[in-house]
Amino acid sequence: PSMLMTTNVPVGARDLAGREAAALYRLMTWLSPSFPVGGFSYSSGIEWAVEAGDITDIVTLADWLDAMLGDGSGFCDATFLVHAYRAAEMGEAATLSDIAELAAAMVPSRERQLETTSQGRAFIDISRTAWDADGLDAMVAACRTPLVYPVAVGVVAAKHGVALAPTLHAFLHALVSNWISAASRLIPLGQTDCQRVLVRLEAAVPATAHPSIAEVSNGGR
């Protein structure tokens with residue numbers, strides 16, 4: 001069965017493998033640290049936590065990020081990504097506009113608003129320039145507010161036919177990686193310690209992703 005690219009059109013094994021590879025390639029590109037959405041410019045509140053003494057080493061960093069992922073902005077971003085993906089997948093422009101507006105309203109600070117809307121705009125513009133998709137422009141244009149980053153990722157992935165589960169896992173992995181990168185400059189941490197923190201959060205990513213998908217699948221949308 002297809003894991004990354006979904007379609008209603010019957011395809012042969014060779015064609016399916018090609019489409020799977022294309023979907024994986026795009027997903028890896030979009031959520032790579034080298035994709036220019038400016039994630040490296042923001043600390044997502046980690047700078048404050050370091051200054052306050054809440055984060056001092058890899059253990060306290062891992063604990064703090066685990067809470068961020070499961071009970072904070074990580075889970076919120078995951079939920080909005082799933083809702084946006086479903087709306088875009090179904091071509092429900094009005095629903096997507098409502099989701100985008102709510103997601104923007106839920107951003108807790110001016111700095112975070114600037115961060116997530118700037119990243120969302122960059123993600124849409126760059127991914128569209130590199131790989132355009134049918135219906136993407138119309139879905140974005142229907143929204144009354146700028147798309148925050150997780151909403152932008154959900155819309156682009158849906159319109160490219162990249163399956164939801166790997167999209168969400170890759171998004172959360174990229175989110176955690178960026179948080180660790182920001183922390184490594186502030187504490188500071190070496191490269192090996194950064195990998196140790198990433199390992200500590202390995203189980204937290206699917207633990208955050210699965211409830212987010214289940215909520216929408218069970219009628220949360």
Taking the side chain as everything from C-beta on, heavy atoms only, tell me whether [X] gets closer than 4.5 Å to [Y].
{"X": "Leu164", "Y": "Leu81", "result": "yes"}
{"X": "Pro33", "Y": "Asn178", "result": "no"}
{"X": "Leu102", "Y": "Phe80", "result": "yes"}
{"X": "Pro150", "Y": "Thr116", "result": "yes"}
{"X": "Val153", "Y": "Phe123", "result": "yes"}
{"X": "Leu96", "Y": "Val151", "result": "yes"}
{"X": "Ile213", "Y": "Arg86", "result": "yes"}

Going by an N to O cut-off under 4.0 Å, is there a salt bridge joining Asp137 and Arg128? yes
Side-chain atoms of residues 64-78: list all donor-acceptor pairs with protein atoms under 3.5 Å, sequence neighbours left out, distances to 0.1 Å.
unit_1 : atom_1 : unit_2 : atom_2 : d
Asp77  : OD2    : Arg112 : NH2    : 3.1

Check whether more than 12 heavy atoms from other residues, nucleotides or ligands sit under 6.0 Å from atom NE2 of His173, and answer yes or no.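 No, because the 6.0 Å sphere around NE2 of His173 holds 12 heavy atoms or fewer from other groups.
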Taking all heavy atoms of [X] and all of [Y], pick out the closest pair and write down the distance.
{"X": "Ala104", "Y": "Val148", "result": "CA-CG1, 3.9 Å"}
{"X": "Leu27", "Y": "Pro166", "result": "CD2-O, 3.6 Å"}
{"X": "Trp30", "Y": "Ser127", "result": "NE1-CB, 3.8 Å"}
{"X": "Lys159", "Y": "Ala88", "result": "NZ-O, 3.4 Å"}
{"X": "Ala152", "Y": "Ile124", "result": "CB-CG1, 3.7 Å"}

Supply the atom-to-atom distance [X] [atom1] to [Y] [atom2], rounded to the nearest 0.5 angstrom.
{"X": "Gln113", "Y": "Met106", "atom1": "CD", "atom2": "CE", "value": "12.0 Å"}
{"X": "Leu61", "Y": "Ile187", "atom1": "CG", "atom2": "CD1", "value": "4.5 Å"}
{"X": "Arg185", "Y": "Ile180", "atom1": "CZ", "atom2": "CD1", "value": "12.0 Å"}
{"X": "Arg26", "Y": "Met28", "atom1": "CZ", "atom2": "CE", "value": "14.5 Å"}

Relative to the ring of Tyr149, is the ring of Phe171 parallel (under 30°), tilted (30 to 60°) or perpendicular (over 60°)? tilted
Quick one: do Leu114 and Trp48 end up in the same hydrophobic cluster if we chain Ile, Leu, Val, Met, Phe, Trp and Tyr together by side-chain heavy atoms under 4.5 Å apart? no
Cut-off 3.5 Å, no hydrogens considered: what does the side-chain donor-acceptor table look like for residues 192-205, sequence neighbours left out?
unit_1 : atom_1 : unit_2 : atom_2 : d
Asp193 : OD1    : Arg196 : NH1    : 2.8

For residues 139-146, please give each side-chain donor-acceptor pair under 3.5 Å, one per line with the distance, not counting sequence neighbours.
unit_1 : atom_1 : unit_2 : atom_2 : d
Arg144 : NE     : Glu101 : OE1    : 3.2
Arg144 : NH1    : Ser97  : OG     : 3.2
Arg144 : NH2    : Asp98  : OD1    : 2.8
Arg144 : NH2    : Glu101 : OE1    : 2.4

With a 3.5 Å distance limit and no angle check, can you tell me whether Ser184 reaches the backbone of Ser181 through a side-chain donor-acceptor pair? yes
Is there a donor in the side chain of Asp57 and an acceptor in the side chain of Thr60, or the other way round, less than 3.5 Å apart? yes
